[in-house]
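The structure appears right after this line, and notes come after that.
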Amino acid sequence: MEREVRWGVLGCAGIARKAMIPAILNAKGAKLYALASRTREKAEAFARMFPCERCYADYKALLTDPCVDAVYIPLPNVLHAEWVIRALEAGKPVLCEKPLAMAAAEVRDIIAVSQRTGVPVMEGFAYLHDPLTARIRELIASGVLGRLRYLEANFCYLLKDMSNIRLRREVGGGATYDLGCYPISFFRALTGAEPLEISVAGRLGAVSQVDEDVHVRMLFPGDVVAVSYFSFQSHWNTYNVVIGEHGLLQLGTLFDRGDQKELILDTDTAGRSVETIFTGSRYALQVEQMNRVIREGHRPAVSLDFSLGNAVMMDSVLARCKDHG
Ligand SMILES: NC(=O)c1ccc[n+]([C@@H]2O[C@H](COP(=O)([O-])OP(=O)(O)OC[C@H]3O[C@@H](n4cnc5c(N)ncnc54)[C@H](OP(=O)(O)O)[C@@H]3O)[C@@H](O)[C@H]2O)c1
């Protein structure tokens, strides 16, 4: 039997603690091997929570460890492209948190290095590995909703803590990178297309100078309209709606963490039904998919082309936010 994929993590991030290190520990065929932090104390404190074999006080050292088979990057957004490229150059396959990079140009740099080195990289959109997403895709493909007409996806919460990386411009803050990447990717994943038109009403925070409150409307081929609101200035809300000619899907939360979620289906023919779907394993499913990429040469479920398309859309949204600033 092949040995486990030995994962190294760059940075003692909140998402690593809450979701991704537990997922590495739970995933089949994966092992937490090394942690790296900017400071030794932090790395060691993390390692007391999550025992592993190596603890590094700088990120570069982890990348030169020959026993590390794969690297997970949950750093602030502004550091993603740099550390993805460093890891690829060191021959380490990468799972990098969303957004993969700060701009389409950076994603193109990542693609070039991945192609030259032959080392794979995947953007960490855990919801795209979620059984709930698979069920939504299955229902749309079954034709039960009829022709798609309208998509809606919101992701908002009130954020006032100016020390949070999400409100700090210099580390890649902003609602589009943090929240908007989800609805944008959702619309593109479900339609399998790029929008023909996009309109944006987006405001920069007066103090943060990052986009804090954004409303987007996109028109996809086939006259499918997609609408999203993502904001750090609103009461918590996240939901998704998919409407076709003959039915609709509604769900409370797809993008947020949570162990089980309800999917409402309402159609002309079958009426209304509610399915409860277990979604707690999605981060582990993401790790297992990356393990198959590394061990069996599978294609990443989130392709670099898909990430590039998302980055192009985020560039477009952000350019318009500045216009409205
Ligand atoms: N997929 C998801 O569900 C999900 C959820 C939340 C966040 N995320 C993504 O994960 C990434 C991290 O988010 P987070 O909320 O976990 O962030 P966080 O808790 O603030 O952690 C970021 C880590 O990056 C390291 N770091 C390096 N340079 C830094 C700097 N200049 N300022 C601050 N931290 C720095 C720090 O680790 P050391 O000090 O140990 O080096 C820090 O702990 C973001 O890209 C975010 O979009 C994904």
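Note that ligands are numbered from 1 as they come in the structure, with each ligand's atoms numbered from 1 the same way.
Arg166 counts as a contact of ligand 1, since one of its heavy atoms falls under 4.0 Å from the ligand. Note on ligand 1: His80 sits in its first shell, one or more heavy atoms being nearer than 4.0 Å. Proximity of Tyr127 to ligand 1 is not established, as no heavy-atom distance is less than 4.0 Å. Put simply, no part of Trp83 is less than 4.0 Å from ligand 1, judged by heavy atoms. The closest approach between a heavy atom of Pro76 and any atom of ligand 1 is below 4.0 Å. Proximity of Tyr177 to ligand 1 is not established, as no heavy-atom distance is less than 4.0 Å. At a 4.0 Å cut-off, at least one heavy atom of Pro74 sits close enough to ligand 1 to count as contact.
Comparing heavy-atom distances from atom 47 (O) of ligand 1 across Glu97, Lys98, Arg168 singles out Lys98 as nearest. With Gln286, Glu41, Arg38, Glu123 as candidates, the residue nearest to atom 36 (C) of ligand 1 on a non-hydrogen basis is Arg38. Remark: among candidates Ile15, Ile165, Val78, the nearest residue to atom 4 (C) of ligand 1 is Ile15, based on non-hydrogen atoms.
Screening Arg282, Arg137, Arg135 for a salt bridge (charged side-chain N to carboxylate O under 4.0 Å, His left out) with Asp130, the sole residue that qualifies is Arg282. Across Asp256, Leu179, Asn237, a single residue satisfies side chain to side chain contact (heavy atoms under 4.5 Å, CB included) together with Tyr157, and that is Leu179.
Near Gly11, meaning under 4.0 Å from one of its heavy atoms, ligand 1 places the atoms 37 (O), 40 (O), 41 (O). Shown in contact with Asn77 at under 4.0 Å from a heavy atom are these atoms of ligand 1, numbered in order with element: 44 (C), 45 (O), 47 (O). Remark: ligand 1 atoms within the under-4.0 Å shell around heavy atoms of Leu79 are 27 (C), 28 (N). Heavy-atom contacts of Tyr283 reach the following atoms of ligand 1: 2 (C), 3 (O) (cutoff under 4.0 Å). Within ligand 1, the atoms closer than 4.0 Å to a non-hydrogen atom of Val171 are 31 (N), numbered from 1 in the order shown. Near Gly14, the atoms of ligand 1 lying under 4.0 angstrom from a non-hydrogen atom of the residue are 16 (O), 18 (P), 19 (O), 21 (O). Ligand-side atoms of ligand 1 in range of Cys12: 37 (O), 38 (P), 40 (O), 43 (O), range being under 4.0 angstrom from any heavy atom. Numbered from 1 in the order shown, with element, the atoms of ligand 1 that lie under 4.0 Å from a heavy atom of Tyr59 read 25 (C), 26 (N), 27 (C), 37 (O), 38 (P), 41 (O).
Using a 4.0 Å cut-off between charged side-chain N and carboxylate O, Arg3 and Asp69 make a salt bridge. Under 4.0 Å is where a charged nitrogen must lie from a carboxylate oxygen, and between Glu82 and Arg86 at least one such pair does. With salt bridges taken as basic N to acidic carboxylate O contacts below 4.0 Å, one links Arg147 and Glu245. No salt bridge links Arg203 with Glu212; every basic N to acidic carboxylate O contact stays at or beyond 4.0 Å. Taking the charged nitrogens against the carboxylate oxygens, Glu89 and Arg116 do have a contact shorter than 4.0 Å, which makes a salt bridge.
The backbone N or O of Cys156 sits nowhere less than 3.5 Å from a side-chain atom of Ser231 that would complete a donor-acceptor pair.
In terms of protein heavy-atom proximity, atom 39 (O) of ligand 1 is closest to Lys42 NZ, 2.6 Å. Taking atom 40 (O) of ligand 1 as the reference point, the nearest protein heavy-atom neighbour is Ser37 OG, 2.6 Å.
Checked against a 6.0 Å centroid threshold, the rings of Tyr127 and Phe255 count as neighbours.
Under 4.0 Å from ligand 1, the heavy atoms of Tyr182 that appear belong solely to its side chain.
Taking the six-membered ring for Trp and thresholds of 30 and 60 degrees, Tyr182 and Phe125 have ring planes more than 60 degrees apart, a perpendicular arrangement.
The CZ atom of Phe278 lies 12.0 Å from the CG atom of Leu132; values are rounded to the nearest 0.5 Å.
Listed here is the closest heavy atom pair of Lys261 and Thr279: CE-OG1, 3.6 Å.
In terms of polar-atom proximity, defined here as any N/O pair under 3.5 Å, Ala16 makes no such contact with ligand 1.
The shortest side-chain heavy-atom distance between Leu95 and Met20 falls under the 4.5 Å cut-off.
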